Amino acid sequence: MSFLASVREGAKGFAWFMRGVMGEDAYDKYRAHHESLDEAHEHSIHDPAAVACDRPVMMTEREFWRDQTDRQDVNPQGRCC
Amino acid sequence: MGTKPRTPHDSPKRGEELDRDPLLLPVALDQTTHDAEEAHWTPAKIVLWGAISLLGGLSWVMLAVVRGETVNAIWFVFAAVCTYLIGYRFYSNYIQKHLLRPDDRRATPAEYKADGKDFAATDRRVLFGHHFAAIAGAGPLVGPVLAAQMGYLPGTIWIIVGVVFAGAVQDYLVLFFSMRRGGRSLGQMARDELGKVGGTAALIATLAIMVIIVAILALVVVNALADSPWGVFSVSMTIPIALFMGVYLRFFRPGRVTEISVIGFVLLLAAIIGGGMIADTEWGSTFFAIDPLPLAIGIIVYGFVAAILPVWLLLAPRDYLSTFMKIGTIGMLALAIIVVRPEISAPATSEFVNGGGPVVSGTLFPFLFVTIACGALSGFHALIASGTTPKLIEKERQTRFIGYGGMLMESFVAIMALVAALSIDRGIYFAMNSSPALTGGTVEGAVTFVNSLGLTGVNLTPEMLTETAKNVGEETIVSRTGGAPTLSVGLANIMQQVAGGSGMMAFWYHFAIMFEALFILTAVDAGTRVARFMLQDSLGNFFPKFKNTSWRLGAWVTTGIMVAAWGAVLVMGVTDPLGGINTLFPLFGIANQLLAAIALAVCLAIVAKRGLFTYLWVVALPLTFAAVVTIYASFLKIFSSVPNVGYFAQNRAFSKALDEGLTSFGTAKTVEAMEAVVRNTMVQGILSILFVVLAMIVMVTAAQATWKSYQTHSFGTNEDDAVASQMFAPSGFVATPEEKKLASRWDAQIAQAKLDKARKTPRR
């Protein structure tokens, strides 16, 4: 790998790390989770109607972020000293 | 959550349901592969670990044995890092192998309870960052500064050795046990393992301890900001900045967390620079110079409002800002210490190891061990390790890297704070950290007092104090107690050598004050919220209406109670004629260590229930130490006849003086001040008794539970049922060769599945 390419890799890795630590990837994770539910649903041999009822509707990005802070309202996370 | 009542005999199913179809990719490496990798010592590995051991040993010799004029800060860094590496590689591995025995075939809560929100598998390196940001705050920055009074060596040994055998062990164990219980909280685990009495005592103790911790953190902020127009302006600007960030994220660009954090950070820098300009103006220096008491009341009002405002408006954005600053500044400080390598001229052990120090009263044992809590052993972490983190962990084996490793990282922060505090002149250190009762709050008074201590190599001049105050842009630095200002001076001193020179010292000083205040304010209102929910939950047992957390009035009442509780302690500290932080800080440390003792006691009972008596010492060792230290320290605080050490001795001395009709006694110059001392010492004494009694109840019930398991050999568990995992991820920061092999097979499979899916579903 050339020097420039490895610098680019490093910067990309750092950006990925910061994004994760800041929690910016929360919606991506949420969407990935829902898509995996959809997939499992496609493959499922269960009664499709029952499974569909069980599955919450996927929120839009805006709804998700609202919901995230609203959930924290009733489920506070401690911060240490 | 899944708190099914179970008898100890009713252990969850496990075994064959974890066996995986051999045609599928394995979700875990088997134990023999792990063992083989571990036992495989290549020459390169031997050389590497030999070098680490040698460097670590050499560093400890430089710190503990060689007595030169000065010692270079780099030896602290090497001693710490090498010891951490050895502790992590060998001791935490021992705990993993024998005590916890993680099984990667089992799904973690993030997998079997996955909801994409609270339970979501998170990359181990990212989660390490999350966990670290949640556990590390102002605590590891403040305690070591105060303990520097005893010399550099005792604090260094306790921080480094303590974390390896106590702090990191506690965090690792609590994280693992909570993960095995679907992310249950420490309070719930205490109830499950210790029964009603122990569980209730643990709950009340936790609540009381949170109150005292929040109060003393707030006191640190008040002490740092009082009569500092620059500091008050820049720190209060964090509120509008956070509000702006909150609105931005809510209405304009939801989810752009890094973007808004960068904007917020730039605004923060502007607030620091602007603070300097405003403090220079006539009106600014009068308007923002606030006395301690009004400032304390301001923080109390702020604490109440912040805790009832919606999270999105203030708490969440400030948390982003605080995380961003935490990672940035701690990285920066580490780099700066390595680049600058300051010389430390403080003695290894000071004149005050046998007591009599002006910063922390009492002897080295036990008071050093309660002064430095965070960084060596911090009970508060048990609340975090049984909160969010266990719900996000991908694989069981990762608990070692995140729990044990995360705490090592915090310990390193404590070492850096210690180095920063030690790097400033000792005379200045004592002038800053002796209470105004001793220095009179004036330069002349401080010089006379410090020089009268008879410290070797200390010759403080008034110019040194005024010069330093001028450099950091403050009116005075005399009696700036609480640790934060001292750390900031040290940090400014180190940073100006890297960037900006002495002209930048004022900026760096206020930058440091700002980030400490930011961490503390976040901890204050998050702590108030958590405490409020705990109180609502407990009150709900008597008045069911309180269980409904969306009941507005109930929320306000409980928030008010919690704020009033810590507010009262804060006001007491601020108005205390004896100097406030110096008398209250031991209570902070004792409270935090008692919480650690409670957490370790719960872990002890769990380990015993698993039937692992051979390895019980791993938990018993730190538990015994924490118990001895805290009970002994509490004992001294309650029964000591030395007024500076014992709360009740002080109380009696002042009561007697009042009875004799004296109008001034010791450092209290008026009758009101004397009455305040009588009141404060009584409250502090009662709190000490309360904490130690509650913690002893928990420890006794844990010992009973342990003994019962030993005698009856009835082993059981309150763990959730084992569910087979369907995924694989490496366990440490760097994947081992075998892990890499397996991970790449998984990557290939996932890529193949995507490809297949793309082929199957033609573009619509």
Side-chain angles (χ1 to χ4, degrees), chain A residues 6 9-46 51-81, chain B residues 114-118 120-123 125-127 129-130 133-140 142 210 213 217 246 249-250 254-258 261 310-312 315-316 319-320 322-324 327 373-374 378 380-381 383-384 387-388 519-520 522-523 526-527 529-530 532-533 549-550 588 592 757:
Chain A
S6 51
E9 276 300 294
K12 242 164 113 186
F14 181 73
W16 165 84
F17 177 75
M18 277 314 283
R19 211 175 121 80
V21 171
M22 296 302 296
E24 189 162 346
D25 60 351
Y27 184 69
D28 296 346
K29 276 161 69 183
Y30 170 76
R31 197 171 54 198
H33 172 71
H34 262 266
E35 280 165 2
S36 73
L37 282 186
D38 286 345
E39 232 161 83
H41 171 58
E42 271 170 37
H43 296 199
S44 103
I45 46 162
H46 298 294
V51 178
C53 284
D54 235 26
R55 228 151 19 109
V57 182
M58 187 167 100
M59 289 182 273
T60 65
E61 192 168 354
R62 193 168 264 263
E63 284 167 350
F64 171 82
W65 287 106
R66 267 182 187 240
D67 175 68
Q68 198 200 32
T69 45
D70 294 350
R71 265 182 296 121
Q72 281 175 30
D73 265 327
V74 287
N75 185 20
Q77 307 303 336
R79 275 285 182 256
C80 194
C81 26
Chain B
D115 62 3
K117 298 188 279 191
D118 299 320
T122 303
D123 181 276
R125 292 153 295 191
V126 167
L127 187 57
H130 271 301
I135 60 171
V142 170
M210 280 185 82
I213 287 176
L217 285 175
L249 278 176
R250 183 82 166 184
R256 300 307 160 97
V257 175
T258 311
S261 301
V311 164
W312 66 264
L315 185 101
D319 204 22
Y320 289 134
S322 156
T323 304
F324 195 78
I327 309 240
C374 309
S378 172
F380 217 98
H381 291 189
L383 303 181
I384 314 284
T388 327
F519 298 170
I520 290 179
T522 311
R529 266 174 209 270
V530 173
R532 174 207 132 193
F533 277 87
T549 49
S550 46
F588 171 91
N592 206 355
K757 199 180 155 202

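Just so you know, these numbers use all the heavy atoms, side chains as well, and skip hydrogens, waters and symmetry mates. Chain letters run A, B, ... following the sequence lines, proteins first, then strands; residues in each count from 1. Note that the coordinates shown come from a computational prediction; the quantities given were computed from them, not determined experimentally.
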Closest-packed option against chain A by number of heavy-atom pairs under 4.5 Å, given [options]:
options: B/A134, B/G246, B/G129; value: B/A134
options: B/P140, B/A316, B/G139, B/A136; value: B/G139
options: B/P310, B/G527, B/A373, B/C374; value: B/P310

Which atoms of [X] come close to chain A, meaning under 4.5 Å heavy atom to heavy atom: side chain ones, backbone ones, both, or neither?
X: B/L127; answer: neither
X: B/A121; answer: backbone
X: B/L383; answer: neither

Using non-hydrogen atoms and a 4.5 Å limit, figure out which bit of A/M59 sits close to chain B: side chain, backbone, both or neither.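 Answer is side chain: those atoms of A/M59 sit under 4.5 Å from chain B.
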Going by the rule ring pair (Phe, Tyr, Trp, His ring centres under 6.0 Å), which residues pair with B/F380 if we only count those two or more places apart in sequence or in a different chain?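 Checked B/F380 against ring pair (Phe, Tyr, Trp, His ring centres under 6.0 Å); zero matches.
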Are there donor-acceptor atom pairs under 3.5 Å between chain A and chain B, and if so which?
residue : atom : partner : partner atom : Å
A/G20   : O    : B/H130  : NE2          : 3.2
A/E24   : OE1  : B/T258  : N            : 2.8
A/E24   : OE1  : B/T258  : OG1          : 2.4
A/K29   : NZ   : B/T122  : OG1          : 2.8
A/H33   : NE2  : B/A114  : O            : 3.4
A/E39   : OE2  : B/K757  : NZ           : 3.4
A/R62   : NH1  : B/F251  : O            : 3.3
A/R62   : NH2  : B/F251  : O            : 3.0
A/T69   : OG1  : B/R250  : NH1          : 3.3
A/D70   : OD1  : B/R250  : NH1          : 3.3
A/R71   : NH1  : B/D118  : OD1          : 2.7
A/D73   : OD1  : B/V311  : N            : 2.8
A/Q77   : OE1  : B/T388  : OG1          : 2.7
A/R79   : NE   : B/D319  : OD1          : 2.7
A/R79   : NE   : B/D319  : OD2          : 3.4
A/R79   : NH2  : B/D319  : OD1          : 3.2
A/R79   : NH2  : B/D319  : OD2          : 2.6
A/C80   : N    : B/A134  : O            : 2.9
A/C81   : O    : B/G137  : N            : 3.3
A/C81   : O    : B/G139  : N            : 3.1

